[in-house]
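Right, one structure below, let's go through it.
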2 protein chains.
Amino acid sequence: MPPRSPAEDRAAADSDTAAAGREQTRQRVIEAAIGLLEREGRDAVTTRAVAVAAGVQAPAIYRLFGDKNGLLEAVAEYGFAAFLAAKHVDPDPQDPVEDLKAGWDLAVEFGLANPALYTLMYSEPGNATSAAFTAGMEILMGRIRRLAAGGWLRVDEQLAATLIHATARGAVLTWLSLPEDERNPALLTALRTAMVTAVTNQQPAVRDAGPAGAARALRAALPEQTTLSSAEQHLLREWLDRLAADG
Amino acid sequence: MPPRSPAEDRAAADSDTAAAGREQTRQRVIEAAIGLLEREGRDAVTTRAVAVAAGVQAPAIYRLFGDKNGLLEAVAEYGFAAFLAAKHVDPDPQDPVEDLKAGWDLAVEFGLANPALYTLMYSEPGNATSAAFTAGMEILMGRIRRLAAGGWLRVDEQLAATLIHATARGAVLTWLSLPEDERNPALLTALRTAMVTAVTNQQPAVRDAGPAGAARALRAALPEQTTLSSAEQHLLREWLDRLAADG
DNA sequence: GGTGGCATGTATCGACGATACCGCAAGGCT
DNA sequence: AGCCTTGCGGTATCGTCGATACATGCCACC
């Protein structure tokens, strides 16, 4: 959200109601655009149609969103935020791998539930900055971090995130591109297990959770390593001893 | 391709040259559209711009392709056919799994080499009927059939084809959506092995959870730690990054 | 040498995204 | 209190888009 405009600062007395009204019409325009998008398809979302559907004048859209792309971005963010808000995220999952599956299912479910919105967001490359979008990314990164902390992660955290995105995107777009009578639910489960196999280890690399367990595991697996110089390895071992003893 | 038009039948004498000329201008228009698409982006492909780029009148496009969508479909088919023709397919591969990988690489390579064309073809669901498209599908189905004949296939042939498509689509679109400095080639190889694991019976090489996994775990679990000084933690993190990336 | 049919070329239509311009209502200043 | 500045909402309009009607002219055929 941008900082308060000078006009709002000057008229601080009723800026609340004015800003509230503005936000209200903004929301009405967005919902009208979503309605058109899901009811009549992407091409039906024109500035004029959205304006009459929302009961506002055509230039109001440009004043509210600056651009048609701005409107579409606002629509994408609104839809994604609404979906995220409707779903609750387990803050402390027992099985991080199951949690990963749940997160993947969530992403795919969003795509299948809002096909027009999903293709609008993910069909063409480019935009990646959005409040709701980064919020979803934060949730995903949290899941990945828990996996890593448990020693489950097979690849880099960044690569894991990209792999999850790529499989989910391929799953949703391919599913949507199939005629309804060829949509096999096994596609989704197979892709999900493929994602899990690519991202996680079958057995965690650390036996005990927490830094001490990870330090012990790393200390045990280290001798074969040559990436570090011998001096570095020596110092690293010392620290690992301290970390392992700390648990 | 439709059967010969009555006009062509009637003027059979020079229908060859006439049809050839027509096909020539058709090809010129398609190439002009491809040039605009890859040089100035999707939105630059307007009927007028294509017409002036190809040196034809605006209505000629509608006479040749009937519609702007017709032009775009012709463009997609042309580009895909050109790519298919440039690549030769091993008719009798020795290792069908390696052949599957090669086919997947081919599909992904097409997407990475022709990003605008690829997003045009696969971004939005719908069109699936095209000569070159079905030709590519035939090649893919041949590969899958050889896998099935060798007993390699783990799932339905249809599901295998869909899985291959979905992973390739996710790989290409995700790759293209990343900024150039975040494009990790490991994404493609990881997705390819995930696809092979999902489609074939080939078990992934059981990777020992080496130091990289433990390093990742320790890196993710570290922030709560206070045993080390901040300077030590900083250096440790650096080493853990190197160890984690080494796997 | 007509004659009919079809491709070519010009002009134009409705809709789209986007914006300039005008009136007006609401504080601020003297 | 009255004037004035400031910014918002409403009307009209611009340039471009996809798509098409209409006139023109070319060419084979009789």
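To find a chain, count down the sequence lines: A is the first, B the second, and so on, and within it residues start at 1. Everything quoted here is computed from the prediction, not taken from an experiment.
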Interatomic distance, NZ@B/Lys87 vs CZ@B/Phe110, rounded to 0.5 Å, equals 11.5 Å
* Output yes when at least one side-chain N/O atom of A/Thr47 is less than 4.0 Å from OP1 or OP2 of C/dC16, else no. => no
Item checked: Ion pair check, A/Glu31 and A/Arg28, cut-off under 4.0 Å -> no
A/Arg48 CZ to C/dA15 C1', in whole Å, measures 6 Å
Worksheet item: Do the non-hydrogen side-chain atoms of B/Arg169 and B/Tyr118 ever get within less than 4.5 Å of each other?
Response: yes
Margin query: Does any part of the side chain of A/Val89, heavy atoms only, come nearer than 4.5 Å to the side chain of A/Arg143, both counted from C-beta?
Written below: yes
Review point. Do side-chain atoms of A/Thr174 reach the backbone of A/Ala171 as a donor and acceptor pair under 3.5 angstrom?
Key: no
Here the distance between atom C1' of C/dA15 and atom CG of A/Asp43, to the nearest Å, is 13 Å
* Hey, does B/Ile164 have a side-chain heavy atom less than 4.5 Å from the side chain of B/Leu100? -> yes
Report, one line per pair, each donor and acceptor closer than 3.5 Å where one atom sits in a side chain of residues 62-69 of chain B; sequence neighbours left out.
| residue | atom | partner | partner atom | Å |
| --- | --- | --- | --- | --- |
| B/Lys68 | NZ | B/Val45 | O | 3.1 |

Distance alone, cut at 3.5 Å: any donor-acceptor contact between the side chains of B/Glu38 and B/Asn114? yes
Between CD of A/Glu40 and P of C/dC16 the distance, given in whole Å, is 11 Å
Sorted by number, residues from residues 59-71 of chain A placing a heavy atom under 4.0 Å from DNA chain C are A/Pro59, A/Tyr62, A/Asp67, A/Lys68
The correct set of residues in residues 49-58 of chain B placing a heavy atom under 4.0 Å from DNA chain C is B/Gln57
